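What follows is one structure encoded as structure tokens, with my remarks underneath.
Because the structure is predicted, anything quoted here is derived from the model rather than measured. Each residue takes its place number in the sequence, starting with 1. Atoms within each ligand, like the ligands themselves, are counted from 1 in listed order.
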Amino acid sequence: MSILYGIFFALRQLLTSEGFPPKPQFEEKDVPDLSGKVVFPLFHAREYMRPNLPIVYLITGGAGGIGFELVKILYSKNANVYIAGRSSDNAIAAVNKIREEYPKSDGGLAFLQLDLSDLTSIKPAVDKFLQKERRLDAVVHNAGIMITPTHWRTVQGWDIQFGTNVIGPFVLQRHLQNILVETAKIAPKNSVRTVFLSSISAPLAPPGGIDYKNLESKGVSAFSAIQYFDSGLKYAHSKCANTIMAMGFAQKFKDTGIIAVSANPGNLNTDLLRHSLIAWVFFRPWLYPARYGAITELYATLSPEINDTSNGALIIPWGRTGPIRQDILDSCQEGGAVKFWDWLDENTQGF
Ligand SMILES: NC(=O)c1ccc[n+]([C@@H]2O[C@H](COP(=O)([O-])OP(=O)(O)OC[C@H]3O[C@@H](n4cnc5c(N)ncnc54)[C@H](OP(=O)(O)O)[C@@H]3O)[C@@H](O)[C@H]2O)c1
Ligand SMILES: *[C@@H]1O[C@H](CO)[C@@H](O)[C@H](O)[C@H]1NC(C)=O
């Protein structure tokens with residue numbers, strides 16, 4: 001697999017289906033009441049064991065960009081939503097804004113402080129969450145960063161993009177696993193979800209998707225001698241890893257009833273491009289309002305079209321299943337994706 005094929009694949013998707021998506025088929029208006037007090041009409045009523053616990057969602061990076069728009073939609077439908085993120089100031093501002101916009105909502109908004117680039121912050125945050133909640137219907141690993149300076153590292157020394165986009169979310173997922181498993185036992189079939197965020201750039205990842213050699217250096221060693229491209233390739237590697245994580249999760253935990261997908265939300269006008277003027281200039285013509293990205297995430301989180309047949313799928317804008325580069329798919333067969341999941345587990349022990 002040459003990098004040229006990856007560029008061709010990504011460009012083709014950018015110039016067609018993923019850059020110019022058809023109209024969304026699953027939007028706010030299609031979302032039922034999410035308080036947990038009313039029977040979920042999208043799912044067969046017979047399957048619904050009425051829980052006394054309210055429905056709960058956790059969205060990382062929910063104070064800004066796409067995540068903020070998703071939190072808004074869920075809260076407007078009376079859901080209880082946790083925003084997980086670094087900055088309490090940003091979260092408080094976001095919560096106030098949303099409450100003002102939806103004064104009639106019966107839902108809840110709460111902030112969970114954690115920094116995905118510091119693994120020591122994750123378990124304490126989840127412990128706080130678990131003190132308050134006994135149910136978690138979906139976690140959307142939305143927080144992420146893109147094309148940051150190549151010398152940036154996480155607290156534990158990972159490349160900042162791989163660390164924030166992959167390693168941190170993995171550790172968060174591990175700590176949330178039990179409550180998701182327990183929720184899947186009482187919630188409607190296929191409604192408990194784990195969503196990882198991918199990107200149109202994922203096809204630029206190395207052959208097979210994961211470069212284990214590169215990861216021996218915690219993702220720090222360079223893919224390219226040109227710093228800017230190196231950072232872009234590291235972003236692509238991390239986002240492809242997010243897609244493989246979803247497949248690994250789906251394969252490894254298929255018996256838990258939890259559905260995992262990855263989602264390319266589309267190309268949205270958010271703060272994500274703040275570190276890269278070149279990417280901003282290149283992507284500017286393709287950028288849509290952030291709300292559209294939230295519609296893709298909404299589909300991944302709630303659409304009843306997603307069931308065990310689409311477990312591990314890649315969702316593309318604005319809510320459909322999309323193609324994954326063939327050699328990446330091949331590498332995920334026969335336990336290949338589980339291998340990556342287990343690799344993550346081994347390499348994050350102690351957190
Ligand atoms: N926008 C797009 O076109 C696009 C395209 C493809 C994929 N995506 C993916 O979509 C996701 C959301 O992106 P966005 O466009 O909404 O970006 P954004 O506007 O930059 O928002 C990202 C969020 O992640 C949070 N975050 C960053 N680093 C964090 C850390 N170490 N710990 C905890 N939270 C952290 C940020 O919080 P702070 O306030 O603390 O910075 C912010 O709330 C990302 O995973 C991105 O890769 C976006
Ligand atoms: C699973 O979803 C697919 C696509 O939405 C659908 O065609 C299929 O009938 C569903 N299967 C079940 C068992 O509900």
Side-chain angles (χ1 to χ4, degrees), residues 10 13-14 18-19 25-26 43-44 47 59-71 83-94 111-119 121-122 125 140-148 152 154-155 158 160-161 163-169 171-172 189-190 195-202 235-236 238-243 259 262-276 279-280 282-284 286-294 296-297 299-300 303-311 313-317 319-321:
Q13 293 305 110
L14 183 64
E18 290 182 59
Q25 299 296 314
F26 183 79
F43 294 91
H44 202 288
E47 286 177 350
I59 318 296
T60 66
I66 306 169
F68 175 69
E69 298 296 324
L70 178 65
V71 174
I83 294 176
R86 294 183 280 199
S87 153
S88 66
D89 287 352
N90 287 356
I92 290 165
F111 173 54
L112 206 58
Q113 188 151 29
L114 56 76
D115 180 350
L116 294 167
S117 66
D118 180 3
L119 300 180
S121 73
I122 296 175
V140 183
H141 295 284
N142 160 84
I145 52 170
M146 177 181 175
I147 319 194
T148 42
W152 289 11
T154 70
V155 173
W158 294 88
I160 192 82
Q161 295 188 88
T164 308
N165 298 350
V166 180
I167 299 293
V171 171
L172 177 60
K189 193 161 190 271
N190 300 326
V195 180
F196 296 101
L197 264 285
S198 190
S199 155
I200 187 95
S201 69
Y235 179 71
S238 77
K239 288 288 132 179
C240 182
N242 288 146
T243 283
I259 302 287
S262 63
N264 163 24
N267 303 309
L268 298 318
N269 194 2
T270 66
D271 285 344
L272 189 69
L273 296 170
R274 79 191 102 176
H275 301 294
S276 165
W280 189 83
F282 177 75
F283 273 105
R284 191 68 196 89
W286 281 282
L287 297 184
Y288 293 83
R291 175 190 166 268
Y292 280 91
T296 311
E297 292 189 352
Y299 177 90
S303 169
E305 265 176 36
I306 297 177
N307 57 31
D308 21 15
T309 4
S310 33
N311 205 358
L314 168 67
I315 304 303
I316 59 171
R320 299 169 286 151
T321 309

Please report which non-hydrogen protein atom sits nearest to atom 48 (C) of ligand 1, along with the residue it belongs to and the distance in Å to one decimal place.
-> L272 CD2, 3.4 Å
If you take all heavy atoms of G19 and Y288, which pair is closest and at what distance?
-> O-OH, 2.9 Å
Using the six-membered ring wherever Trp is involved, compare the ring planes of F283 and W286 and label them parallel, tilted or perpendicular (cut-offs 30° and 60°).
-> perpendicular
Partner of N165 under side chain to side chain donor-acceptor pair (under 3.5 Å), chosen from S117, S238, S198 | S238
Tell me, which protein residue and heavy-atom name are nearest atom 32 (N) of ligand 1, and how many Å apart are they?
-> L116 N, 2.9 Å
Around atom 22 (C) of ligand 1, find the nearest protein heavy atom and jot down its residue, atom name and distance.
-> G144 O, 3.8 Å
Salt-bridged, R86 to D118, with N to O below 4.0 Å?
-> no
Matching residue for I306 among N190, I315, V195, N311 - test: side chain to side chain contact (heavy atoms under 4.5 Å, CB included) = I315
Can you pull out the closest protein heavy atom to atom 11 (C) of ligand 1? Residue, atom name and distance to 0.1 Å, please.
-> N142 O, 2.9 Å
Of the protein's non-hydrogen atoms, which lies at the shortest distance from atom 3 (O) of ligand 1, and what is that distance?
-> L268 N, 2.7 Å
Give me the ring orientation class for H141 and F196: parallel if the planes are under 30° apart, tilted from 30 to 60°, perpendicular past 60°.
-> parallel
Between P169 and T60, is any pair of side-chain heavy atoms under 4.5 Å apart?
-> no
With sequence neighbours excluded, tell me which residues meet salt bridge (Lys or Arg N to Asp or Glu O under 4.0 Å) with E18.
-> none
Is the backbone N or O of L197 less than 3.5 Å from a side-chain atom of S262, with the two atoms forming a donor-acceptor pair by type?
-> no
Distance in Å, I259 CD1 paired with N307 CG, rounded so as to fall on 0.5 Å steps = 6.5 Å
Can you list the ligand 1 atoms lying under 4.0 Å from a non-hydrogen atom of Y235?
-> 7 (C), 8 (N), 46 (C), 47 (O)
Which residue holds the protein heavy atom closest to atom 43 (O) of ligand 1, what is that atom called, and what is the gap in Å?
-> G61 O, 3.2 Å
Tabulated below should be the N or O atoms of ligand 2 paired with protein N or O atoms at under 3.5 Å; can you produce that?
| residue | atom | partner | partner atom | Å |
| --- | --- | --- | --- | --- |
| ligand 2 | 2 (O) | E305 | O | 3.4 |
| ligand 2 | 2 (O) | N307 | OD1 | 3.3 |
| ligand 2 | 2 (O) | N307 | ND2 | 2.3 |
| ligand 2 | 5 (O) | E305 | O | 3.0 |
| ligand 2 | 11 (N) | N307 | ND2 | 2.9 |
| ligand 2 | 14 (O) | N307 | ND2 | 3.4 |

For atom 8 (N) of ligand 1, the protein heavy atom that lies nearest, with its residue and separation = P265 CG, 3.5 Å
Which protein non-hydrogen atom lies closest to atom 7 (C) of ligand 1, naming both residue and atom, and how far is it?
-> S198 O, 3.1 Å
